[in-house]
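Letters A, B, ... are given to chains in the order of the sequence lines, protein chains preceding strands, and every chain is numbered from 1.
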Amino acid sequence: LSDSHKHKDKYKEKEHKHKDHRKDKEREKSKHGSRYGSSSEKKHRDKEKERMKHKDGSTDKHKEKKKEKMRSLDGKVKKEKENGFASPQHVKSEPEDNFYYSPKYEKSLKRQRDDDDETQFLFPFQDIKSKKTKNKKGEVLDGKKKAKKEPEEKWKWWEEERYTDGVKWKFLEHKGPVFAPPYEPLPSHVKFYYDGKPMKLSLEAEEVATFFAKMLDHEYTTKDIFRKNFFKDWRKEMTAEEKSKITDLTKCDFTEMSEYFKAQSEARKAMTKEDKQKIKEENERTLQQYGFCIMDNHRERIANFRIEPPGLFRGRGDHPKMGMLKRRIRPEDIIVNCSKDSKHPEPPPGTRWKEVRHDNKVTWLVSWTENIQGSIKYIMLNPSSRIKGEKDWQKYETARRLKKCVDHIRNQYREDWKSKEMRIRQRAVALYFIDKLALRAGNEKEEGETADTVGCCSLRVEHISLYPEKDGQEYVVEFDFLGKDSIRYYNKVPVEKRVFKNLQLFMENKELDDDLFDRLNTSILNKHLQELMDGLTAKVFRTYNASITLQQQLKELTNVEENIPAKILSYNRANRAVAILCNHQRAPPKTFEKSMQNLQSKIDAKRDQLADAKRELKSAKADAKVRKDEKSKKAVETKKKAVQRVEEQLMKLEVQATDREENKQIALGTSKLNYLDPRISVAWCKKWGIPVEKIYNKTQREKFAWAIDMADQDFEF
DNA sequence: AATTGTACTTAGGACATAATTG
DNA sequence: CAATTATGTCCTAAGTACAATT
C-alpha cells in the first residue's frame, strides 16, 4: 500500500520528459496520421530476435465460428420463443397515467417460464448450476396476485427468458432527451474588461467567456494548453470586431463575471425552503416525464436523459484538448432510436431531429456526436434496468466460467514463456501481468488526441524497471505508469525467472519510448483468449480476480465471534484488498487530516469515559460487598452495563478510525459496482445475518436486485 | 492486416443531500 | 438549530471490445 501512494504531480514531471521526447519521434513517424500512429514501424527493430521467430501459421482458422453458434452448444434455452412476448409489443396506456405495467402480459410470461422449469434461470450461453431456483417461484406468484394495481411491483426480469439473437428489445418508447437550458445573458451591470476597459460582448462570445469565468478558481485555467485551446475556440465564437480587438487572453478580466456566479450560487444555497421544494418538485416532474422509457412492456429508468450542456472540456490528466469548447447540442444533432410503432418523441417546436431510427440491435435511446473527440455519446438505461442487469449478470457468469479453466490457461501461458516465437512469448508475459496484476488490456490510443496513458499491451519500455535483486527479493519488476484516467500505477513485484528473462529480451535494443510488447496488441491477445474460452477477453481476468479475491478474503477475514460492525470492517477490508488489486484510487478527501483528528479526540474522550465508568463500577462493587443489600447489587449491574456500553462505543469508534485511515486514498465504490459479483456479498450477508443494507445502499440494491433475490448463503463464485 | 466506426462498461471527481454533532 | 461531516448522486471522460471498411 505504502508504495502505491499517489504522487501525481511529482510523477508528471518525470513523465513529461519522456513524453516530449516521444512526441517528436511519433510526429515524425506518422505524418500520414492514422488512428494509432504507425504500428508497423515498431516491428522492424527486432531483426536480431528473428531467430526466435518462426512461421506464423498457427492461427486456428477453424475456431472462427460465430459466438452464437458456440453458445447454442452448451446453452440449454435455445428452443425459446423470442423473449416470450406473445402479446402486443407495446403498452397502449397513455404516459400520463404512469402505468406501463400490465399484469396480463406478465401472466403469459410466467406461464411460459414455468413450462421451461429446469432452465428458467440459466443463461443460454453457459452452464450454471441452478439449484436455488425452485423455492423462489412460490413467492413470486404470490407477489403477483396481490400486485394488481401496483405498477411499482418489482419486475423480476431475471426469472425470464432472454433474447439470444442480438435483439435487445421488441418495443421501445420514450420522450427523447432533455436539452440544456438556453444561455441566459448576463445582467448589464456585470461587465467584462479587456485591457482594463469594459467591453460588451456578443451573446455567443459572452457565453463562452462565462464558461471560463466559472472556472477561474480552478488551477487548470492557469495551464498553458488549457488557455491556448480555450482562447482559440473562444475566438471562433467572436464577431469580427471582437476578434480584432481581443487578441491576448492575459488582458481579459473575467473577475466580475466570476463574482457574479459565485453570488448566484450563494443565493441558490440561501433560497427559502419553499423555493427549494418547488425546484425539487419541478425536477421530479421532469424525471417522471423524461427519466423513464417503456421497453418491452416495462417502464424503466433512463440513466442520463439530460443532454450534456456546453462548456469547456476538461479531460483527465495531461490532456492535449483541455480548454476546448464543448459545443451546445441541438435537436438537429440528435439521433433518436425507438420502435417504429411507438409514439415517437417530439423535437422542440420549430426544430427537427437529425434522424429517427428503429434499431433494436442496440440499447441506446438517443445519440449524438461530440465535438472534442468526435465520439458518439448515448443515452441509455439505468443499471437497474433489465437490459443492463442481464449484461452484468452475464459478465459474472463469464468470469465464473473462467474460474473453471483458469488453471489450464495459467499452465498454458507458462509454457508459452518458452515458445520459440517472440509474439507468443510476449502474449504469454502480457497475459501473466493481466492475470497476476489485474492490469487493463491496453488498447492503442490516438497519439496527441488524448492523455498519454497505457494499459498492459501498450506498456512502453520506460514504464518498467528490472531488478535482478531488490529488497531481498529476486527478479523484481517495478511498474510505474499512468493508467486509465491518468491514475498512476506503481508496483514492485517479484516475478518468475522466465518472465524476467523474457522482459530483458523484449527490452533489448529498444528506446525508452518503444513498446514493450511490440508484437502484441489487444486484438491479438483477445483473439487468443477467445480460443481458450468462449467469451474470454482480457477484461474478464479483472472481473474474475476481483471477485475471487473478495470471496477468499471474506472467508479469511470474517470472524464468527465478532459483532456486526466488526464484521463489516472485515467486509470493507476484503473490498479494499480488491480495490488495491485493481488500483482504484481516489484523491485523499480535502478534510481528511482534520476529520481524522476529530475522530481521534473523540476516541480519547471515549477512553476517559470508559475509565470513569470502570472506576464507578469498582466502587459500586466495593460498596455492594460491604452493604450486601439489593439496592447496591442493582447499582453494580447498572454500572456493569454502562461499562459494556461505553466499551462497545469505543470499539465502534476505533473500528471507524482504522477503516477510514486504511481508506484514505482507496476508492471502494468502483470495485463494488463493477467488479465484485454481488452474489458473493449477498451470500456473505445472509450467512452472517448482516442486513444487506449495511453493504449496499438503495441505488446499489436496485442495481443488484437480481443478486439479492437470487443468491442464498451457500452461493459460491 | 490496418484502419475506422460503434456500442457499451468502467472511472474519479464535483456537487447535492442527509446525518450527525456541538 | 446551525455547522460540520459523511454519503449518495450526477456527470461525463476514458476505457474495452468488436464490427465494418479499406
Side-chain angles (χ1 to χ4, degrees), chain A residues 6 32-40 43 56 59 66-67 166 168 218 265 268-269 276 279-280 283 303-309 311 313-317 319 321-322 326 335 337 359 361-364 367 369-370 372-383 387-388 391-392 395 440-446 449-451 453-458 482-487 521-527 529-530 535-540 542-543 546 582-587 589-592 594-596 598-599 602 656 660 665 667 669-671 673-675 696-700:
Chain A
K6 261 188 188 171
H32 22 267
S34 71
R35 179 151 142 201
Y36 309 126
S38 52
S39 47
S40 49
K43 306 264 148 99
D56 217 303
T59 348
K66 278 278 90 153
K67 258 172 283 165
K168 303 294 169 61
H218 268 108
S265 93
R268 220 172 309 123
K269 267 184 225 154
K276 279 185 181 166
I279 292 179
K280 211 173 162 187
N283 281 154
N304 55 326
F305 56 90
R306 282 172 215 278
I307 299 279
E308 298 172 16
F313 176 81
R314 173 55 171 127
R316 321 257 166 89
H319 198 115
K321 298 196 170 181
M322 65 167 85
K326 190 166 115 169
I335 302 175
N337 193 31
D359 182 355
K361 297 280 209 284
V362 297
T363 67
W364 53 269
S367 76
T369 301
E370 153 268 354
I372 303 289
Q373 320 275 357
S375 65
I376 308 171
K377 301 260 186 165
Y378 303 94
I379 290 182
M380 291 182 186
L381 296 196
N382 202 62
I387 209 152
K388 294 292 182 188
K391 200 78 186 298
D392 206 37
K395 172 181 76 186
R440 294 189 185 83
N443 283 321
E444 290 103 307
K445 305 192 0 171
E446 240 170 323
E449 298 289 300
T450 58
T453 63
V454 298
C456 186
C457 293
S458 51
L482 297 183
K484 180 175 180 181
D485 293 326
S486 292
I487 296 293
N521 60 38
T522 52
S523 116
I524 296 172
L525 179 63
N526 281 336
K527 213 167 269 165
L529 292 175
Q530 179 60 42
L536 186 61
T537 61
K539 82 196 265 282
V540 178
R542 249 167 103 80
T543 311
C582 295
N583 200 231
H584 290 142
Q585 298 192 3
R586 62 165 186 180
K590 284 182 200 75
T591 55
F592 185 85
K594 207 176 77 187
S595 83
M596 211 59 211
N598 285 168
L599 191 56
K602 261 203 249 169
Q656 204 187 338
R660 199 188 299 175
Q665 38 192 191
T670 305
S671 47
L673 232 52
N674 299 303
Y675 287 102
Y696 292 134
N697 68 29
K698 188 160 147 280
T699 324
Q700 294 168 157

Nucleotide N/O of nucleotides 9-16 of chain C paired with protein N/O under 3.5 Å:
residue, atom, partner, partner atom, Å
C:dT9, OP1, A:T699, OG1, 2.9
C:dT9, OP2, A:T699, OG1, 2.2
C:dA13, OP1, A:K326, NZ, 3.0
C:dA13, OP2, A:K377, NZ, 2.3
C:dA13, O4', A:R316, NH2, 3.3
C:dA14, OP1, A:R316, N, 2.6
C:dA14, OP1, A:H319, ND1, 3.3
C:dA14, O4', A:D485, OD1, 3.4
C:dG15, OP1, A:T453, OG1, 2.8
C:dG15, OP1, A:D485, N, 3.1
C:dG15, OP2, A:K445, NZ, 2.8
C:dT16, OP1, A:A441, N, 3.3
C:dT16, OP1, A:G442, N, 2.6
C:dT16, OP2, A:N443, N, 2.9
C:dT16, OP2, A:N443, ND2, 3.3

Between A:K445 and A:S458, is the side-chain contact (heavy atoms from CB on, under 4.5 Å) condition met? List the steps.
CA-CA 9 Å; A:K445 305 192 0 171; A:S458 51; over 6 Å; no
Looking only at atom types and distance, does a side-chain atom of A:N526 sit under 3.5 Å from a main-chain N or O of A:T537, one as donor and one as acceptor? no
note: A:R268, atom CZ; B:dA16, atom C1'; distance rounded to Å ~ 11 Å
Rounded to the nearest 0.5 angstrom, the CZ-NZ distance for A:R268 and A:K276 is 11.0 Å
- Message: So A:T363, base contact, sugar-phosphate only, or nothing? Heavy-atom distance under 4.0 Å.
- Response: sugar-phosphate
Taken to the nearest whole Å, CG/A:N283 to P/B:dC15 is 17 Å
Taken to the nearest whole Å, CH2/A:W364 to P/B:dG5 is 16 Å
Comparing A:T670 with A:M380, nearest DNA chain B nucleotide closer to 5' gives the residue A:M380
When rounded to whole Å, the NZ to C1' distance for the pair A:K388 and B:dT10 reads 11 Å
Whole-Å distance, A:N583 CG to B:dA11 P, equals 10 Å
Taking the side chain as everything from C-beta on, heavy atoms only, tell me whether A:R314 gets closer than 4.5 Å to A:M322. yes
- Query: Would you say A:K321's side chain and A:A451's backbone share a donor-acceptor pair under 3.5 angstrom?
  - Reply: no
By the 4.0 Å heavy-atom rule, please label A:R542 as base, sugar-phosphate, or nothing.
sugar-phosphate
inquiry  = Keeping A:N304 on the side-chain end and A:R306 on the backbone end, is there a donor-acceptor pair under 3.5 Å?
reply    = no
Result for 5'-nearest mapping on DNA chain B, choosing between A:N674 and A:I376, is A:I376
Rounded to whole Å, the NZ-C1' distance (A:K527 to B:dA2) equals 11 Å
Between CG of A:N521 and P of B:dT4 the distance, given in whole Å, is 15 Å
Heavy atoms under 4.0 Å, any strand shown: does A:K276 hit a base, just sugar-phosphate, or nothing?
-> nothing
Picking from B:dT9, B:dT10, B:dG12, the nucleotide nearest the side-chain atoms of A:K391 would be B:dT9
| field | Short side-chain N/O contact from A:Y675 to OP1 or OP2 of B:dT9, under 4.0 Å | value | no
Original post:
Backbone N or O of A:S375 within a donor-acceptor pair of the A:E370 side chain at under 3.5 Å?
Top reply: yes
Here the distance between atom P of B:dT4 and atom CD of A:E446, to the nearest Å, is 8 Å
